[in-house]
Undergrad: 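Attaching a single structure in structure tokens format; questions to follow.
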Amino acid sequence: MYILDDGIRLNAYLDMPAGNPQKCPLVIVIHGFTGHSEERHITAAARTFNELGYAALRVDMYGHGKSEGTFRDHNLYKWLNNAMTVIDYARKLDFVTDIYLCGHSQGGMTVMLAAALKHDVIKGILPLSPATMIPELARRGELLGLKFDPEHIPDELDAWDGRKLGGDYARVAQTIRVEEAVARYHGPVLLVHGDADEAVPIEESIRAAKAYDNARLVVIPGDTHCYDHHLELVLGAIREWMPKVKQ
Ligand code: FER
């Protein structure tokens with residue numbers, strides 16, 4: 001199925017909990033940079049939400065997975081607008097009671113920003129290994145392990161896998177203030193992060209957990225950015241936390 005955002009088709013999967021309840025809460029699940037909705041950790045999170053009685057709406061963001069738009073032209077404003085559109089789509093679904101946001105890495109930061117904008121309609125958020133250092137790296141000219149002049153951003157950057165990323169990605173990222181977004185969301189937050197994450201330092205989640213009003217951080221010992229060793233501990237953290245959110 002597709003969700004239309006300003007003429008761009010976003011590929012999405014709606015996974016319903018067993019028994020097809022007439023009403024249930026829904027979790028929007030967003031992948032990371034270069035990722036998509038069929039990655040192992042994304043489908044596993046969605047399945048866990050289903051097992052707990054929540055619907056899951058996995059969405060490929062602009063320029064990723066089977067959505068329209070090119071990887072080169074994606075940026076955080078586009079993803080943030082995608083997220084707001086998906087939230088409004090979810091609000092119009094008859095069966096949906098409450099809406100939660102879960103995102104991995106760049107998708108984790110996206111849900112933090114979207115929760116700030118839609119704080120009154122988002123019941124809780126689950127940023128997994130959120131890539132909240134991207135704006136500061138962009139301001140320093142150090143994205144993607146490259147060095148560039150942050151005042152004269154090149155038209156194109158080389159992403160990890162040889163793909164090209166437009167310089168506007170970095171121009172947009174430089175303007176994002178994560179701490180302002182954190183201050184605008186007062187609902188419950190579950191952060192999960194591996195302490196051997198090679199892409200996003202765990203300090204990002206430690207800082208966010210302290211800055212949010214109402215956050216819990218679960219550290220996964222020895223685990224990587226995509227939970228190669230202990231995905232079951234990530235799912236266990238979700239299983240433990242979700243039912244505790246006040247109805
Ligand atoms: C970077 C480090 C991490 C970066 C992006 C990420 C664009 C995002 C990772 C992810 O979403 O998995 O320097 O630059």
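Remember, it's 1-based here, ligands and their atoms both numbered in the order they're listed. Since the structure is predicted, the reported quantities are computational estimates derived from the model, not experimental observations.
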Undergrad: Got Ile99 and Pro25 here, is their nearest side-chain heavy-atom distance under 4.5 Å?
TA: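 Sidechains of Pro25 and Ile99: no contact.
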Undergrad: With a heavy-atom distance limit of 4.0 Å, tell me whether Leu165 approaches ligand 1 through its side chain, its backbone, both, or neither.
TA: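 It is neither; nothing of Leu165 touches ligand 1.
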Undergrad: To check your reading of the model: name the closest protein heavy atom to atom 10 (C) of ligand 1, its residue, and the distance in Å.
TA: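 For atom 10 (C) of ligand 1, the nearest protein heavy atom is Ser105 OG, 2.6 Å.
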Undergrad: Quick one: look up the protein heavy atom nearest atom 8 (C) of ligand 1 and list residue, atom name and how far away it is.
TA: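 Sorting protein heavy atoms by distance from atom 8 (C) of ligand 1 puts Phe33 CB, 3.7 Å first.
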Undergrad: Are the side chains of His104 and Pro127 in contact, using a 4.5 Å heavy-atom criterion?
TA: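 A side-chain contact is absent here, since even the closest heavy-atom pair is not under 4.5 Å.
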Undergrad: Can you check whether Tyr13's main-chain N or O pairs, donor with acceptor, with Arg58's side chain at less than 3.5 Å?
TA: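 Side chain of Arg58 to backbone of Tyr13, a donor-acceptor pair under 3.5 Å: no, none is there.
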Undergrad: I'd like to check which ligand 1 atoms, numbered from 1 as shown, lie under 4.0 Å from a non-hydrogen atom of Gln106.
TA: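 Here the atoms of ligand 1 in question are 10 (C), 11 (O).
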Undergrad: Determine the interplanar angle of the His74 and Tyr169 rings, folded into 0 to 90°, and report it as parallel if under 30°, tilted if 30 to 60°, perpendicular if over 60°.
TA: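 The arrangement is tilted - the two ring planes meet at 30° to 60°.
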Undergrad: Among all protein heavy atoms, pick the one closest to atom 7 (C) of ligand 1 and tell me residue, atom and distance.
TA: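 Checked against all protein heavy atoms, atom 7 (C) of ligand 1 sits closest to Tyr169 OH, 3.4 Å.
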Undergrad: Rounded to the nearest 0.5 Å, what separation is found between the CZ atom of Arg9 and the NZ atom of Lys66?
TA: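 Reported to 0.5 Å precision, the distance equals 13.0 Å.
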Undergrad: Using a 4.0 Å cut-off to any heavy atom of Gly32, which atoms of ligand 1 qualify?
TA: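 Those qualifying, in numeric order: 11 (O).
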Undergrad: With the side chain counted from C-beta on, respond yes when His36 and Ile42 share a heavy-atom pair under 4.5 Å apart, and no when they do not.
TA: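 Not in contact.
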Undergrad: Does His230 use its side chain to pair, donor to acceptor, with the backbone of Glu232 at less than 3.5 Å?
TA: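 Looks like no, no N/O pair under 3.5 Å.
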Undergrad: Could you find the nearest protein heavy atom to atom 6 (C) of ligand 1 and give me its residue, atom name and distance?
TA: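 I find the closest protein heavy atom is Trp160 CH2, 3.6 Å.
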Undergrad: Contact between Leu143 and ligand 1, counting heavy atoms under 4.0 Å?
TA: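 Under 4.0 Å: yes for Leu143.
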Undergrad: Pairs of nitrogen or oxygen atoms closer than 3.5 Å, one from Leu144 and one from ligand 1: do any exist?
TA: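 Yes: some nitrogen or oxygen of Leu144 is under 3.5 Å from one in ligand 1.
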Undergrad: I want to check something: taking the side chain as every heavy atom from C-beta on, are Asp158 and Leu165 in contact at a cut-off of under 4.5 Å?
TA: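 Heavy-atom side-chain distance check fails, nothing below 4.5 Å.
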Undergrad: For atom 2 (C) of ligand 1, what's the nearest protein heavy atom and its distance?
TA: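 Result: Met133 CE, 3.4 Å.
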Undergrad: Under 4.0 angstrom from ligand 1, any heavy atom of His225?
TA: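 Per 4.0 Å heavy-atom rule, His225 contacts ligand 1.
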